[in-house]
*Asks:* 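My questions will all concern the structure given below.
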Amino acid sequence: MGLFHRCSRGATLRRAATIGSDIMTEPTAASKIPDKPTIDGLEDRWSQNWETDGVYRFNRTATRDQVYSIDTPPPTASGSLHVGHVFSYTHTDTIARFQRMRGLEVFYPMGWDDNGLPTERRVQNYFGVRCDPSLPYDPDFTPPAEPGKQQIAISRRNFIELCEHLTVEDEKVFESVWRRLGLSVDWSHSYQTIDSNSRATSQRAFLRNLARGEAYQSEAPTLWDVTFRTAVAQAELEDRERPGAYYQLAFHRTDGKGDVNIDTTRPELLAACVALVAHPDDERYQELFGTTVRTPIFDVEVEVKAHPLADPEKGTGIAMVCTFGDLTDVTWWRELQLETRPIIGWDGRITSDAPEAIVSADGRSAYARLSGSTVFTAKETVVEMLRHSGELIGEPRPINHQVKFFEKGDKPLEIVTTRQWYLRNGGRDGLLRDVVLQRANEITWHPAYMKARYDNWVEGLNGDWLVSRQRFFGVPFPLWYRLDANSEPLYDQPLVPDEADLPIDPQSECPAGFTADQRGAANGFIGDPDVMDTWATSSLTPQIAGGWERDNDLFERVYPMNLRPQGHDIIRTWLFSTVVRANAEFDGVPWTDTSISGWILDPDRKKMSKSKGNVVTPMGLLEEHGSDAVRYWAASGRPGTDTAFDVQQMKVGRRLAIKILNASKFAISLGATENPSAITHPLDRALLAQLATVVERATTAFDNYDYSRALEVTETFFWAFCDDYVEMVKDRAYGGQGPEGAASAHATLAATLSVLLRLFAPTLPFVTEEAWSWWQTGSIHRSPWPDAPSVTAIAADGNIALNETTAVLLSTIRRAKSDAQVSMRADVESAIITAPATQLELVRQVEGDLRAVGRIANVSYVEGESVSAEVVLGEQPA
RNA sequence: GGGCGAUUGGCGCAGUGGUAGCGCGCUCCGCUCACACCGGAGAGGUCACUGGUUCGAACCCAGUAUCGCCCA
């Protein structure tokens, strides 16, 4: 069934309506509605139609003030979509659909985050390969059909090709899930965080940072993951509790006055010891400050220093400083200007060369025993040597302590001194920090309290943003370094490409003025070997999707964007870094609003996780319950609130979706006809008056990004409409009370159904589109959002209180029948209705509807304080 | 240790000063000509705890407990 058919039939229908003919005599309209409406199959049919008709295509002639732009989170392509994605992306889609219906041109792109470690890992596992950058490119390489036990070593370029190949496949699967879910994305605006535009954008932004002095390199102690062999940024850290032990070591005073005992959890770093340190106010060590001691085993002379970070309560109150055991060591090293004696290499093993400070033969042979071993083995060896020499005091005392890990790693981080690139983010500069804090106030947060996470994070920054990573699959730094006559790189004079040439790969391309054969040669050049932190690229998603410096015409229509939807777990990373980059480049915020969604919890109130065996695949869920049903569940979760995974809610959503189809069918079959001037009956006007308040509340809710409230108020009204109004109006709509009453009913049914379908449309796009197509033209998703004042206008003098009153009377009549255990169709002999005078007058006017729905023979009225009824049932057939 | 959030009938939730609500589930009833993936009726809660403010507190304030998340 194509669009043109729908259009032409719809047009016929509407023409028929305006000349006032009875819709029931219009055979074409009736034939469009299935006898048994079903929600099954709607997803495929409508998502195809939407694509064909371009319903969600961004109209780029719209100017910025006519646009609503969304900085969609690009899901990690190498993972799998899970229920949490369905949940939060539905939230955003309801907002997108609402804004579109309000008449804004919605810019709603989709990206795939296929840049970085997760993709590397997936490719390794999927193909059974590993990257060895020293290998040459093999153009004929094809991965084995099944990954073998031994990983095959391949070149970096081969590895990257596999990454690109696999992510494209993954992304197709993702897109089909999103289409099935009904996201109103414009698929012609999609991007990958590793595609050439993203790489160019990322490199361009970096070069601009560099030119402005916001990017700088530094040779400094860096948190280092020995498994991945890469530097790690503050935002990627997490503390984990690990068992450890305090070892007490004897240092020997050089003044011959005995030993100084210190406690340490890392005896394996003894060879890297550069000082002892105690608190300046610590009475016990006053006389030691400024003196020297000799280290056990290695026999190196180190000074005893005072520093306030030494904790008198911890162990003996005096600690050894090593380069480097933890971040406190780094602080002491820097502030006390200590020597550097690193002993841990990039692979996490003890380096082969002993620090020069170790000069004694015993010391050097002790070091030789450690050389090449892991920190774990080195610890055992050192402890054994200490025992042997009698310099271990007492026994180790086991403890549990917090150890820093890379969030994706499984070995404790070490600290290694390396040359790295940093971006200024306020971590070292109070002025910039204040600016970045202020930016958060220029963004409206939904919910508002989520801003506290941002503030806390920024206030707790302890350094600039480390952006270089020693990995393979990522955006390379667009830099080369000149080599001097000895082939040593001159890092302080990086060679940069022309922006017009971006993206570039410094490993395969040459800087201007050089030739390929000068790579690595004396007086030649080398490319920067590192790639950027994935957040360095992700922090530019508004620029990437919006076409910054690629399509400036587009960029001016969509930037700064309206909305950044995202999870609360990545406020410190994605949200923060995006603000930092926009502040640097544009001196402004990247969006006006941000909506923070919650987690999906499993029934045990724990975060949903695969390891718990409760994985539910999104596609399976959508197929089982129907997309609208799943969306209903998602939209029931309040903004920012963690929500339980609840199949029950999906079943409720499914029933609602089916009910909407049935109610629409019935309303149309009753003769729903758009004809506002025919609405004269008090019951109809009262219904519409109430509907106007529903429109008002739903609109306000959506304006405040509260999709769940909007759904709730709509749904509540819808059930009352079905159960009370439609039941009461049946007789009149069938013509039981004359043509004028029927026309009023028909017009009211049409007006109400039209509004209700549109109110539901953002949440339940499939059923509403289906029902809409039965009697309207065009897509409901491009039809105007209902307007409360115009509903109020057709409600005229409608009295909302009448709805309350009739609801009470209906309930009373039904209760009488229910108590008597008879059918709702049972006859009522008489009903005596009591109500205040003002209501009584209204009730009299709807008596016809009441008698019909209740099958009441005689109605009489009594004036009273509150609304009630005395019901006498008629004779029941045996 | 700091921050944020939550605590309301069996379950999931709404309710920011005026006599406790919704949905699911449960019980009973009704095959009513849109829908049995339906309709009707009903049972079920001292709103985590302790103080305080107030004529009046689920709601405001202080504190406690438990749970969750984030950060040290």
*Asks:* Using atom types as modelled and distance alone, determine if a side-chain donor or acceptor of A:Thr328 lies under 3.5 Å from a backbone N or O of A:Asp326.
*Replies:*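 Not a single qualifying donor-acceptor pair exists.
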
*Asks:* Please report the distance separating the P of B:U32 from the corresponding atom of B:G39, rounded so that it comes out in whole Å.
*Replies:*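 Each nucleotide's P atom is 14 Å from the other's.
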
*Asks:* Taking the side chain of A:Ala663 as heavy atoms from C-beta outward, which of B:G40, B:A34, B:A14 is closest to it?
*Replies:*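 Minimum distance to the A:Ala663 side chain belongs to B:A34.
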
*Asks:* What's A:Asp455 touching, base or sugar-phosphate or nothing? Going by heavy atoms closer than 4.0 Å.
*Replies:*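 No contact.
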
*Asks:* With sugar-phosphate meaning primed atoms plus P, OP1 and OP2, does A:Trp719 contact a base, only sugar-phosphate, or nothing at under 4.0 Å between heavy atoms?
*Replies:*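 Result for A:Trp719 = sugar-phosphate.
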
*Asks:* For the side chain of A:Ile658, counting heavy atoms from C-beta on, which of B:C33, B:G40, B:C37 is nearest?
*Replies:*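 The nucleotide sitting nearest to the side chain is B:C37.
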
*Asks:* Within this structure, what is the CG-to-P distance between A:Asp723 and B:U32, rounded to whole angstrom?
*Replies:*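 So the two atoms are 16 Å apart, to the nearest Å.
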
*Asks:* Remember a base hit wins even if backbone is also touched, and classify A:Ser708 as base, sugar-phosphate or nothing at under 4.0 Å, heavy atoms.
*Replies:*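 Nothing, no heavy atom under 4.0 Å.
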
*Asks:* Using the P atom on both, measure B:G15 against B:A6 and round to a whole Å.
*Replies:*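 About 10 Å, rounded to a whole number of Å.
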
*Asks:* Counting only heavy atoms not in A:Glu696, do more than 12 sit closer than 6.0 Å to its CD atom?
*Replies:*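 Count not over threshold, so no.
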
*Asks:* From OH of A:Tyr454 over to C1' of B:C71, roughly how many Å is that when rounded to an integer?
*Replies:*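 Going from A:Tyr454 (OH) to B:C71 (C1'), I get 16 Å.
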
*Asks:* Taking atom C1' in both B:G44 and B:G23, what distance in whole Å separates the two?
*Replies:*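 It comes out at 15 Å once rounded to the nearest Å.
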
*Asks:* Let's test your reading of the pairing rules: Watson-Crick or G-U wobble, both distances under 3.5 Å, then write RNA chain B as a dot-bracket string with ( ), [ ], | and dots.
*Replies:* ((((((((.[[[[.)..(..]]]].(((((.......))))).....[[[[[..)....]]]]]))))))).

*Asks:* Can you find a side-chain donor-acceptor pair between A:Asp706 and A:Ser708 that sits under 3.5 Å?
*Replies:*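 A:Asp706 vs A:Ser708: donor-acceptor pair found between side chains.
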
*Asks:* Would you kindly give the CZ-to-C1' distance between A:Arg638 and B:A6, to the nearest whole Å?
*Replies:*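 The distance from CZ of A:Arg638 to C1' of B:A6 comes to 15 Å, rounded to the nearest Å.
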
*Asks:* Assess whether one donor atom and one acceptor atom, taken from the side chain of A:Ser823 and the base of B:G30, lie less than 3.5 Å apart.
*Replies:*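 Answer is no: no donor-acceptor pair is held.
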
*Asks:* Expressed in whole Å, how much space separates the C1' atoms belonging to B:C33 and B:C26?
*Replies:*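 About 31 Å, rounded to a whole number of Å.
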
*Asks:* Given atom CH2 of A:Trp445 and atom C1' of B:C70, what is their separation to the nearest angstrom?
*Replies:*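 From A:Trp445 CH2 to B:C70 C1': 13 Å.
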
*Asks:* Using the P atom as the reference point in each nucleotide, state the distance between B:G42 and B:G52 in Å, no decimals.
*Replies:*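 It works out to 40 Å between them.
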
*Asks:* Of all the nucleotides listed (B:A34, B:C13, B:G5), which has the minimum atom distance to the side chain of A:Tyr449?
*Replies:*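 When the side chain of A:Tyr449 is considered, B:G5 is the closest of B:A34, B:C13, B:G5.
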
*Asks:* Using the P atoms only, state how far B:G51 lies from B:C47, rounded to an integer number of Å.
*Replies:*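 It comes out at 14 Å once rounded to the nearest Å.
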
*Asks:* Touch check for A:Lys36, heavy atoms < 4.0 angstrom, all strands: base, sugar-phosphate only, or nothing?
*Replies:*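 Sugar-phosphate, no base atom in range.
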
*Asks:* Have a look at A:Arg654 and say if it touches a base, only the backbone sugar-phosphate, or nothing, with a 4.0 Å heavy-atom cut-off.
*Replies:*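 Base, at least one base atom sits under 4.0 Å.
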
*Asks:* Applying a 4.0 Å non-hydrogen cut-off, can you work out what A:Glu715 is touching in the nucleic acid: base, sugar-phosphate, or nothing?
*Replies:*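 No contact.
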
*Asks:* If we take the P atom in both B:U19 and B:C59, what is their distance in whole Å?
*Replies:*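 These two P atoms come out 15 Å apart once rounded.
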
*Asks:* Within the 4.0 Å heavy-atom criterion, would you say A:Tyr734 contacts the bases, only the backbone, or no part of the nucleic acid?
*Replies:*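 Sugar-phosphate: the residue A:Tyr734, judged by heavy atoms under 4.0 Å, touches backbone atoms but no base.
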
*Asks:* Before we go on, tell me: are the rings of A:Phe87 and A:Trp633 under 6.0 Å apart, centre to centre?
*Replies:*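 That pair passes the under 6.0 Å test.
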
*Asks:* Looking across every strand, which nucleic acid part, if any, lies under 4.0 Å from A:Lys665 by heavy atom: base, sugar-phosphate, or nothing?
*Replies:*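 No contact at all - A:Lys665 keeps every heavy atom at 4.0 Å or more from the nucleic acid.
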
*Asks:* Please write out each protein N/O paired with an N/O of nucleotides 17-19 of chain B under 3.5 Å, distance rounded to 0.1 Å.
*Replies:*
none

*Asks:* Would you indicate which nucleotide in B:U32, B:A72, B:C35 comes nearest to any side-chain atom of A:Arg825?
*Replies:*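 Nucleotide nearest to A:Arg825's side chain: B:U32.
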
*Asks:* When the P atoms of B:C37 and B:C24 are considered, how many whole Å apart are they?
*Replies:*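 Pairwise P distance, B:C37 against B:C24, rounds to 15 Å.
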
